[in-house]
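Starting off with a structure, shown below.
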Amino acid sequence: MDTIIVAASLIVVAIIACFIVHNIAKKKFLAKGYETRKAEAEAVFGSAEAEGKRMIADAVKEGENKKREFLLAAKEEIHKSRIDFDREIKERRNELQRSERRLIQKEESLDKKLEFLEQREEQMNERASALAKSEEAIKENLDRQITELERISGMSREEAKACLLSTLENELQHETVTLMKEYETKLKDESQERAREIISTAIQRCAADYVSEATISVVQIPNDDMKGRIIGREGRNIRTLETLTGIDLIIDDTPESVILSGYDPVRREVARIALEKLIVDGRIHPARIEEMVEKAKKEVDAVIRQEGENATYETGVYGLHSEIVKLLGRLKYRTSYGQSVLIHSIEVSRLCGIMAAELGVDVAMAKRAGLIHDIGKAIDFEMEGSHVDIGGEVAKKYKESPLIVNSILAHHGDVEPESIIAVLVQAADAISAARPGARRESLENYIKRLEKLEEIANSFDGVEKTFAIQAGREIRIMVKPNCISDDGMVLQAREIVKKIEDEMEYPGQIKVTMIRETRTVDYAK
């Protein structure tokens with residue numbers, strides 16, 4: 001096909017060439033004389049015609065050669081394809097033969113397996129029949145044995161089953177109770193060990209310095225003549241100062257000092273600052289006293305606000321209401337057994353944060369609850385009720401969360417703690433109050449407290465001796481074994497605890513330990 005196309009192309013080229021030559025000859029013919037031009041044209045045309053025939057012949061010859069080459073290549077390709085086809089057919093035939101042989105082998109194997117399975121089925125049927133006969137015989141034998149056992153024991157089958165189940169139930173119950181006690185003891189030991197570890201870690205990491213603080217109630221004066229100036233004509237100066245501050249000034253024979261007496265520590269601080277300013281200024285009269293008292297109040301308010309903000313900064317507690325921050329600052333002038341309540345609150349906050357981190361509890365919430373747990377002490381001189389109830393009301397008033405309110409109300413055990421944070425506040429409060437050097441009390445009050453503890457315990461029947469130990473934080477009570485049983489000792493311990501809580505005021509907690517000892521003495525002669 002390609003050869004034919006090439007030949008046709010050559011013929012067309014030759015025709016075009018003849019046409020071109022003819023036109024050239026024609027032009028030359030017109031340019032020269034007719035005769036001359038005619039002869040030349042005929043010569044040129046003849047040569048062009050001969051050249052065209054030659055080119056046509058060459059094209060035809062070349063086309064024939066191309067055709068033969070193409071046919072030869074086609075034959076070779078067909079031959080090669082036939083050889084490949086024959087080889088593929090042969091391979092497929094061999095593969096089919098192999099597949100046929102495998103199928104025949106599988107069929108023979110399946111026949112053998114089928115025959116084996118039929119034999120096994122026959123054997124299984126025979127065994128099933130034998131087992132059925134054996135089972136029937138065993139059942140008959142078992143029925144005879146049960147009947148004989150019922151006759152010998154005098155109990156029916158149902159009665160024997162009920163007796164056996166009752167025995168098993170009792171045994172299982174005993175084993176269950178034993179395991180429960182073991183696990184309970186183990187869990188209690190582990191929990192106590194973990195609690196001691198957490199508390200010891202918290203105490204170690206919060207090793208704060210303690211300085212026992214007390215509100216200053218004595219103002220030093222340069223000389224005793226200043227006492228007369230403070231009193232004023234007919235006592236007008238001292239009356240003015242007492243009226244404006246609400247504090248009593250005691251001017252006695254104590255040299256170079258004036259004693260300030262009042263239940264409100266903030267007012268007492270205002271009176272102290274005002275009196276010191278008046279002594280330095282020297283001009284003591286009612287108008288000047290009123291001016292100095294106002295300045296002292298502003299100074300104290302500024303100190304209160306700054307101390308509250310410092311407390312929140314030190315503990316990392318933010319978002320408190322401004323009034324709560326102000327109440328925190330007032331705690332600087334509030335003391336409990338010589339310990340500053342503000343310092344105590346900051347330490348409780350830190351302890352709560354450390355223990356909460358160890359337990360994986362919300363650290364920020366624990367710090368917040370610890371910081372404001374004693375907020376009621378800032379205004380317990382102005383309101384009726386305990387500082388716990390007052391603190392709870394303050395927290396509710398300024399929109400603190402119920403968790404914080406419960407932590408405040410529960411930190412002395414007045415209500416049940418409803419969260420882990422409330423329990424942490426209880427523990428941190430007891431740790432801060434009980435640490436050596438944190439609080440102090442006079443020797444007289446200390447002795448009275450110990451005597452009161454022993455007196456309360458000795459007032460109960462059956463108590464032989466009572467010993468107050470651990471600085472009054474524990475009492476050990478020896479009871480008469482003939483008068484009180486072990487169970488009665490538990491109830492009496494609770495009654496003693498209740499009476500101590502009702503009749504005494506004390507920091508932290510008091511442990512009551514009762515000991516009952518029975519001795520038998522005999523002599524070998």
Side-chain angles (χ1 to χ4, degrees), residues 1-135 357 360 362-364:
M1 188 68 182
D2 293 339
T3 306
I4 296 171
I5 294 171
V6 171
S9 300
L10 292 175
I11 292 170
V12 170
V13 169
I15 293 171
I16 293 171
C18 291
F19 180 74
I20 293 171
V21 172
H22 178 74
N23 287 336
I24 293 171
K26 187 176 179 180
K27 290 179 179 180
K28 288 181 179 181
F29 175 77
L30 293 175
K32 296 180 179 182
Y34 177 78
E35 292 296 334
T36 305
R37 293 174 180 171
K38 180 178 180 183
E40 290 177 356
E42 289 176 353
V44 171
F45 182 78
S47 62
E49 183 176 4
E51 183 65 20
K53 288 180 180 180
R54 185 183 65 77
M55 291 176 65
I56 290 172
D58 291 341
V60 171
K61 184 176 180 180
E62 186 176 357
E64 290 295 331
N65 291 334
K66 293 289 185 179
K67 179 178 180 182
R68 282 194 298 272
E69 291 176 0
F70 175 75
L71 291 176
L72 182 61
K75 287 179 181 180
E76 290 178 356
E77 185 67 25
I78 291 171
H79 180 68
K80 184 178 179 181
S81 298
R82 184 179 291 114
I83 292 172
D84 293 340
F85 179 74
D86 292 340
R87 184 173 64 254
E88 185 178 356
I89 292 297
K90 185 176 180 180
E91 290 177 355
R92 290 188 179 182
R93 187 179 295 111
N94 293 334
E95 182 65 26
L96 288 173
Q97 289 176 355
R98 287 194 295 270
S99 298
E100 186 177 359
R101 284 195 297 272
R102 287 197 297 270
L103 288 173
I104 292 172
Q105 291 175 357
K106 288 183 179 180
E107 186 177 358
E108 292 176 354
S109 176
L110 288 174
D111 291 338
K112 291 179 181 179
K113 289 182 179 180
L114 182 60
E115 183 179 358
F116 176 74
L117 289 174
E118 289 176 353
Q119 293 176 359
R120 290 293 301 274
E121 186 177 2
E122 292 178 359
Q123 294 175 0
M124 293 296 292
N125 291 333
E126 292 176 359
R127 290 182 181 180
S129 178
L131 287 174
K133 292 179 181 179
S134 300
E135 184 179 357
D362 188 344
V363 175

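Residue numbers start at 1 and run along the sequence shown.
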Side chain to side chain contact (heavy atoms under 4.5 Å, CB included) involving N94 - partner list, sequence neighbours excluded: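 With neighbours one apart ignored, the set is K90, Q97, R98.
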
Which residue pairs pass the side-chain hydrogen bond (donor to acceptor under 3.5 Å, both in side chains) test with at least one member in residues 76-86, sequence neighbours excluded? D84-R87

Taking only Lys NZ, Arg NE, NH1 and NH2, and the carboxylate oxygens of Asp or Glu, determine whether E95 and R102 approach each other closer than 4.0 Å.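 R102 and E95: salt-bridged.
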
Please collect all side-chain hydrogen bond (donor to acceptor under 3.5 Å, both in side chains) contacts where either partner lies in residues 106-128, sequence neighbours excluded, each pair once. none

One pair to check against side-chain contact (heavy atoms from CB on, under 4.5 Å): K61 and E64. What are the steps and the verdict? CA-CA 5 Å; K61 184 176 180 180; E64 290 295 331; 5.7 Å; no

